[in-house]
Trainee: 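Handing you this structure, nothing more for now.
Below, chain A is the first sequence line, B the second, and so on; all start at residue 1. Hydrogens, waters and symmetry mates play no part in the numbers below; they use all other heavy atoms, side chains included.
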Protein chains: 2
Amino acid sequence: MTQLDSAPATQQAVRPGRKRDHTRDPEIMTAAMDVLAEVGYERMTVDMVAARAKAGKATLYRRWPSKADLVLDAVSCMGAAKAGVLPDTGSLRGDLVALLSPRTVHDADHKLKVMLGLASVIAHSPELAESIREAFLEPRAAVTRALLQRAKERGEIAPDCDVELLSTVSSSMVISRAMLEHRPVDRAFLLSVIDGVIIPAAGTGPAR
Amino acid sequence: MTQLDSAPATQQAVRPGRKRDHTRDPEIMTAAMDVLAEVGYERMTVDMVAARAKAGKATLYRRWPSKADLVLDAVSCMGAAKAGVLPDTGSLRGDLVALLSPRTVHDADHKLKVMLGLASVIAHSPELAESIREAFLEPRAAVTRALLQRAKERGEIAPDCDVELLSTVSSSMVISRAMLEHRPVDRAFLLSVIDGVIIPAAGTGPAR
DNA sequence: CATATACGGAACCGGTTAGTTTCGGAAACG
DNA sequence: CGTTTCCGAAACTAACCGGTTCCGTATATG
């Protein structure tokens, strides 16, 4: 809570003898996310993060005013570097399945763990909830939404189906499954959601 | 810290001079659940619970060996008293909508908040996760499952639809919506899940 | 009324952790 | 080689909280 100045950016030009500014931000944030995924926000200590990043605790506090700020920043940065090209296999099911590359699934699993670790904080911080949504859920939902929309436009699915809602189904089911059943994000489950919920719910097009 | 044995909740014969045994268990557990729903497990302190129940902290520790045991016990007890009769309106949609009484919805909202408050603990305690699932999710899923099964048996929905999976859809979507968007459990949303996901995904019977 | 029991309240103890300070050392540069 | 600046490590402070102890009181029994 002690709000000292954050970063006035007083001196920027490389002064007399110096390396550079804080180049270690990425390692620190990665360490923070890892610890977060492993033990959750409340049990995560700043020392743990510092130790994992091989940094001094003071370094963290020089850069972020509090644990909460560090986490918030790390979560926000985590969403960057996405924007893959949409798959285009010709069928909605093919497109959806194409999303389930091992890489993507593994990524999602890690993000899911981070999210679960933050769950109790999320409930009290709309700001953090928004960051999480933006960084983790929204990009995925956007892809699914686009695939559904395209399928609708080419008449593959029902013209009146709720694309917005359907695009959130798989994330939702994965989240609650992970939360309550301790199951990792798993390809087989995602397939059953696609084939047992999304595809049938999307219908078979206007021609029926 | 570790969740060990639960608590037998036993009591013996009324001794010489005494009122009765711990009659205040219900108030205490209710207080615990309320605090849990409001601040989450980690920020919930035993003092808060005692204060809200107008009890001494010592009283809590006479009855439960630890904070974790209190919470576990309270969660387990919370699942009792359900077993409503299945609605029977003749149609699957009618049955599902009939579940959405204000009372039920409000109940679900409270339980949801408790669950979110426990989220980070759940991730580290399969035992607690199981209790939550059993007390909160399973009863609801069971009802939906039964309704779907009945609809399938009378040929109202596709004979090959995945009842098990579909029965978990609405809870899942409510959970993630509450978690990431701070929305309370809300009748309108549940209706859109019924009409936009569950019903269409269940299909229109073997005659198609 | 005497006694026994459990209660609410408050003080207390010990461990843990967010946040601070200090210090020796290493990099870059003149 | 000296200077400047930041870093990692570790010691330190203050607050908080789980859990314990103690005490005055209410209540029911006999």
Side-chain angles (χ1 to χ4, degrees), chain A residues 1-29 31-32 35-36 39-74 120-121, chain B residues 1-5 7 9-29 31-32 35-36 39-74 120-121:
Chain A
M1 295 317 149
T2 56
Q3 281 302 13
L4 289 178
D5 63 325
S6 55
T10 42
Q11 84 301 345
Q12 52 277 57
V14 186
R15 274 282 168 272
R18 242 341 328 277
K19 181 172 13 189
R20 231 178 325 168
D21 252 63
H22 23 236
T23 39
R24 310 230 22 218
D25 281 18
E27 289 96 313
I28 294 175
M29 292 205 256
V35 175
L36 204 47
V39 306
Y41 181 82
E42 328 277 349
R43 293 176 195 254
M44 150 183 172
T45 71
V46 179
D47 292 279
M48 283 184 207
V49 178
R52 160 128 12 174
K54 289 192 182 67
K57 192 162 54 156
T59 303
L60 304 205
Y61 280 102
R62 267 178 222 122
R63 176 73 176 76
W64 294 275
S66 75
K67 171 181 169 180
D69 288 272
L70 165 61
V71 169
L72 188 58
D73 199 16
S120 68
V121 190
Chain B
M1 308 309 176
T2 57
Q3 288 81 349
L4 295 175
D5 59 327
T10 53
Q11 80 304 333
Q12 45 277 39
V14 185
R15 273 283 169 272
R18 243 339 330 278
K19 180 170 17 186
R20 237 177 319 167
D21 252 62
H22 20 239
T23 40
R24 311 228 25 215
D25 281 18
E27 289 96 315
I28 294 174
M29 292 206 254
V35 175
L36 203 48
V39 307
Y41 180 82
E42 329 276 347
R43 294 176 196 255
M44 151 184 170
T45 71
V46 179
D47 293 275
M48 282 185 208
V49 177
R52 161 134 1 180
K54 290 194 182 64
K57 192 162 55 155
T59 303
L60 303 204
Y61 279 103
R62 269 178 220 119
R63 176 71 177 76
W64 294 275
S66 76
K67 171 180 169 180
D69 288 270
L70 165 63
V71 169
L72 188 57
D73 199 15
S120 68
V121 190

Trainee: Could you state the CE-C1' distance from M44(A) to dT16(C), rounded to the nearest angstrom?
Mentor: 16 Å
Trainee: Expressed in angstrom and rounded to an integer, what is the separation of R43(B) atom CZ from dT17(C) atom C1'?
Mentor: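 To the nearest whole Å, that distance equals 14 Å.
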Trainee: Can you tell me which nucleotide in dG19(C), dG18(D), dT17(C) comes closest to the side chain of T45(B)?
Mentor: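 Given the options dG19(C), dG18(D), dT17(C), the side chain of T45(B) is closest to dG18(D).
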Trainee: In this structure, how many angstroms lie between the C1' atom of dC17(D) and the OH atom of Y41(B), rounded?
Mentor: 12 Å
Trainee: Could you tell me the separation between the CG atom of L70(A) and the CH2 atom of W64(A), rounded to the nearest 0.5 Å?
Mentor: 5.5 Å
Trainee: According to side chain to side chain contact (heavy atoms under 4.5 Å, CB included), who are the partners of E42(B), at least two apart in sequence or on a separate chain?
Mentor: E42(A), S120(A), S120(B), V121(B)
Trainee: Whole angstrom is fine here: how far is it from CD1 in I28(A) over to P in dC6(D)?
Mentor: 15 Å
Trainee: dC7(C), dG19(D), dC7(D): which one has an atom nearest the side-chain heavy atoms of T59(B)?
Mentor: dC7(C)
Trainee: Is Y61(B) near enough to dG19(D) that one of its side-chain N or O atoms lies under 4.0 angstrom from OP1 or OP2?
Mentor: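 Yes, such a contact exists.
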Trainee: Only counting residues at least two apart or in another chain, list the ones meeting side chain to side chain contact (heavy atoms under 4.5 Å, CB included) with A68(A).
Mentor: Y41(A), S66(A)
Trainee: Once salt bridge (charged side-chain N to carboxylate O under 4.0 Å, His left out) is applied, do any residues pair with K57(B), and if so which ones, sequence neighbours excluded?
Mentor: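 Counting only residues at least two positions away or on another chain, K57(B) forms a salt bridge (charged side-chain N to carboxylate O under 4.0 Å, His left out) with D47(B).
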Trainee: Let me know, please, whether A58(A) or E42(A) comes out on the 5' side of the other along DNA chain C by nearest nucleotide.
Mentor: E42(A)
Trainee: Tell me the interatomic distance from L60(A), atom CG, to dA9(D), atom C1', rounded to whole angstroms.
Mentor: 13 Å
Trainee: Could you list the residues that satisfy side chain to side chain donor-acceptor pair (under 3.5 Å) with R52(A), not counting sequence neighbours?
Mentor: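 Partners of R52(A) under the side chain to side chain donor-acceptor pair (under 3.5 Å) test: E38(A).
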Trainee: Quick one: D69(A) CG to dA18(C) C1', roughly how many Å, whole number?
Mentor: 13 Å
Trainee: Would you mind telling me which of dG18(D), dG8(D), dT17(C) lies closest to the side-chain atoms of R62(A)?
Mentor: dG8(D)
Trainee: Quick check against the 3.5 Å criterion: does R63(B) have a side-chain atom that pairs as donor or acceptor with the backbone of I28(B)?
Mentor: no
Trainee: Which ones in residues 47-57 of chain B lie close to DNA chain D, meaning a heavy atom under 4.0 Å from one of its atoms?
Mentor: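 Output list: K57(B).
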Trainee: What is the distance, to the nearest angstrom, from the NZ atom on K67(A) to the C1' atom on dT17(C)?
Mentor: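 Rounded to whole Å, this separation is 8 Å.
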Trainee: Would one find a side-chain N or O of R24(A) under 4.0 angstrom from OP1 or OP2 of dG8(D)?
Mentor: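 For R24(A), the contact criterion (side-chain N or O under 4.0 Å from OP1 or OP2 of dG8(D)) is met.
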Trainee: Could you work out, with side chain to side chain contact (heavy atoms under 4.5 Å, CB included) as the rule, every residue matching M48(B), not counting sequence neighbours?
Mentor: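 Once residues adjacent in sequence are excluded, the partners of M48(B) under the side chain to side chain contact (heavy atoms under 4.5 Å, CB included) criterion are V35(B), V39(B), T45(B).
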Trainee: Can you check the L70(B) CG to dC17(D) C1' distance for me, whole Å?
Mentor: 15 Å
